[in-house]
Amino acid sequence: MSAAHGDLGDAADRALWSGRFAEEPAELFRAANDSLPVDWRLVAQDIRGSRAWAAALHSVGVLNADELNRILDGLDEILAVTRDHGVRPPIESGAEDVHTWVEWELTARVGDLGKKLHTGRSRNDQVATDLRLWTMETLDDRVREARMAQRALCELARRAGSTAVPSYTHLQRAQPVLFAHWCLAYVEMLDRDTARLEHARSAAAVCPLGSAALAGTTYAIDRERLARELGFDGVSGNSLDAVSDRDFVLDALSASAVCGVHLSRLAEDLIVYASSEFGFVQLGDAVSSGSSLMPQKKNPDSLELLRGKAGRLSGAFANVLITCKALPLAYNKDLQEDKAALFDAMDQLSLLLRLTALTVRHTHLNEDRCNAAARTGYLNATEAADHLVAAGVPFRTAHEQVGAMVREAIGAGVELHELPMDRVRAHAPDAGPCWSDDLSLAASLARRDVVGGTAPKRVAAALGDWEGRLVADGGGGV
C-alpha cells in the first residue's frame, strides 16, 4: 500500500457502492466477489481509459482545466506506482477490484476531486473498455508470435531442401512428399490462425465507454473522439449490448483454441517422427529431457507440453461460452469470470507459440532415414496406376492390377519397383518400358506439379513466397 493511499484511513475500507448498505460484506462473499487478484492485469488499461474519460469530462464542462491537469498528474503517479508492483496485485489495500484501487489511489492524491472522475461512467462500461483494450494489445502480440513460429517452420523447410518423407493417412504410409511441404502445411495453418486472431482483435476494437451502466451516459460526450483517442476502430451502437456481451472474448478464445489444435497436431507429428521407430528427426538437447531411471532416454517433452497445454485453450473457450449462455441483459456478475480464462489462455498461447518456434529451430532432420522411408512401403503404387492409365488402362482397372502387384510384392518381400517385369506384366500387360522410371521417388515428387502440390519447383516457389511475406510482416526471435 502506498503512503498516499494510507492517508485515506477508514474511507479506503468502504466499497464504491457502499452507501446503500448498512453492513459490511461478509468475508466469504468478499472471497467470491473481490477480483483484484485477477483484474489487476488491467491496471494500465484502466488508467489509460480514466485519462481519456477525464479529458471527455473536461470537454463537457464537468472538470475545469486545473482539475483535469491535477487528475491527469495523479493518474500518471499511479501508473508509476503500478510499475513498482509489477504483476503482484496490491491485495493488502483491501480494494474490491482494480477500478476501486485506482479511484482510491487517485483520491488519496487529489482529494475529493478524485471522486469526480467517475461522473457519467459505470464500472460496467469501464471494465468492458479496459478488457477490450487489453485484448487488442495481447492479440497483436499473439499475431507476432504466430509469425515467429511460421518463420521457424520456413527455416526448417529451407534446411530440409530436397529431403522426402512418407506422408500418411490413418497413420499408414500413403505417398512421398518433400519434408519442406510438411513444414509449409503448418505455415498455412498458422496463417489462418493469425487471420482468426486478427479478426478477434477487430471485434474487440469497439469502444463501449459512454454506455455507462446500461442506458448510456447523460453527458454529451463525443464518443467517436473518445474512441479514436483510445485507439478503437469505432464505438458501440447499443449501450445494453456494449456492457453485457463478451463475444469479443469468445472470438479471442475460439481463435486461440483452434491455434492450439494446430500446434498440438504439429507436436504429435514431430513426437512420432522423433521416435526410434521412425527416426526422421532428432530434437536438440535444449528442448528435450531425460529419464530419472533410464539413462538412454531422450524425451520430446517440449512437444508433449505443447500437446498437453493446448487442451487448456479449448477449456478456456468452453468455460466462457457456458458462462455467457442464457445471461439476461444487461450486465451480470457472472461476467467477472471471463478474465481468468482469457488471461490464462493468452498466457498459454504465447508460451505455446514461442515454444513451437524454439522447438522447430532445434529440430534436426535425419535425411538418409527420411529418404529411405520415402522409397519404401509401396508409396509409388499410385504412380504405377497412373503409368497404366497413361497407357490407356481405365483407372479402376489399373487400381485393381496394381493392388494385385502389391499383394505379390509383399509376399515376396520386395518393393513394387523391385518386382521383375515379367511379374509386373503378368498383372498388367500394358506396363511400358518406362515403368521403373515412372515409379522412382524423383518422378513421384515431380509429377505433383500443381499449385499446392509437392513437386520440388512448386514447394520452392511456395517457400520463397512465404519467406517474402514473413519478412514483410516483420521480424522476431525466440
Side-chain angles (χ1 to χ4, degrees), residues 153-189 191 269 273 278-281 363 365-403 405-406 409 414-421 423-425 427-428 430-469:
L153 284 162
C154 284
E155 292 165 9
L156 180 57
R158 181 62 66 186
R159 297 201 310 271
S162 60
T163 302
V165 290
S167 63
Y168 297 83
T169 62
H170 310 281
L171 205 57
Q172 303 294 315
R173 289 188 181 185
Q175 294 176 325
V177 297
L178 291 182
F179 189 81
H181 196 55
W182 176 92
C183 294
L184 293 182
Y186 285 103
V187 172
E188 294 280 349
M189 293 183 211
D191 196 53
D269 275 355
Y273 292 172
F278 282 69
F280 296 166
V281 303
T363 297
L365 276 179
N366 184 340
E367 296 178 7
D368 291 341
R369 184 79 172 256
C370 290
N371 286 321
R375 291 187 173 92
T376 58
Y378 312 101
L379 305 188
N380 51 7
T382 305
E383 271 58 55
D386 286 342
H387 172 94
L388 297 176
V389 168
V393 180
F395 177 76
R396 285 301 174 198
T397 302
H399 188 286
E400 184 176 353
Q401 291 174 350
V402 173
M405 281 185 233
V406 169
V414 299
E415 289 295 319
L416 187 60
H417 55 276
E418 294 173 333
L419 274 179
M421 281 305 297
R423 295 310 308 154
V424 170
R425 290 198 171 98
H427 296 285
D430 295 297
C434 58
W435 172 265
S436 295
D437 291 339
D438 284 352
L439 268 60
S440 70
L441 176 60
S444 176
L445 294 170
R447 292 183 67 245
R448 267 67 187 176
D449 187 12
V450 293
V451 174
T454 195
K457 68 178 182 179
R458 295 290 186 174
V459 173
L463 178 56
D465 287 345
W466 273 115
E467 289 171 331
R469 287 178 57 182

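Being a predicted model, the structure only gives us computed values, none of them experimental. Residue indices begin at 1 and follow the sequence shown. Any value given below was found using the heavy atoms of this structure, including those in side chains, with hydrogens, waters and symmetry copies removed.
When all heavy atoms of Arg375 and Glu415 are compared, the pair lying nearest together is O-OE1, 3.8 Å. Listed here is the closest heavy atom pair of Ala428 and Gln401: CB-OE1, 3.4 Å. Heavy atoms only, all atoms of each residue included: Val459 and Gly453 are closest at CG2-O, 3.8 Å. Closest approach of Arg159 and Glu367 over heavy atoms only: O-OE2, 4.1 Å. Heavy-atom minimum distance, Pro456 versus Leu178: CA-CD1, 3.7 Å. Considering all non-hydrogen atoms of both residues, Cys154 and Leu184 come closest at SG-CD2, 4.3 Å.
Atoms CG and CZ, on Leu156 and Arg158 in that order, are 12.0 Å from each other to the nearest 0.5 Å. The CG atom of Leu419 sits 7.0 Å away from the NE2 atom of His427 when rounded to the nearest 0.5 Å. The distance from the CG atom of Asp386 to the CG atom of Asp438 is 9.0 Å, given to the nearest 0.5 Å. Atom CZ of Arg458 and atom CG of Leu463 lie 15.0 Å apart (nearest 0.5 Å).
Under the 30°/60° scheme for interplanar angles, the aromatic rings of Phe179 and Trp182 are found to lie parallel. In this structure, Tyr273 and Phe280 have tilted ring planes: the angle between them lies in the 30° to 60° band.
Other residues, nucleotides and ligands place no more than 12 heavy atoms under 6.0 Å from the CD atom of Glu400.
Side-chain contact between Cys370 and Leu365: present, with at least one pair of heavy atoms (C-beta onward) separated by less than 4.5 Å. Annotation: side chain of Leu153 is not in contact with side chain of Trp466 (no heavy-atom distance under 4.5 Å). In this structure the side chain of Pro176 reaches within 4.5 angstrom of the side chain of Leu379, judged on heavy atoms. You'll find the side chain of Leu388 reaches within 4.5 Å of the side chain of Trp435, heavy atoms only. Using a 4.5 Å heavy-atom threshold, the side chains of Val402 and Leu416 count as touching.
Put simply, the side chain of Arg173 never gets that close to the backbone of Tyr378: no donor and acceptor are under 3.5 Å apart. Although no hydrogens or angles enter the test, the distance criterion places a donor-acceptor pair under 3.5 Å between the side chain of His387 and the main chain of Gly432. Checking side-chain atoms of Thr454 against main-chain N and O of Leu445 turns up no donor-acceptor pair under 3.5 Å.
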For residues 160-167, which side-chain N or O atoms pair as donor and acceptor with protein atoms under 3.5 Å away, sequence neighbours left out?
from, atom 1, to, atom 2, distance (Å)
Thr163, OG1, Ala160, O, 2.8
Ser167, OG, Gln175, N, 3.4
Ser167, OG, Gln175, O, 2.5

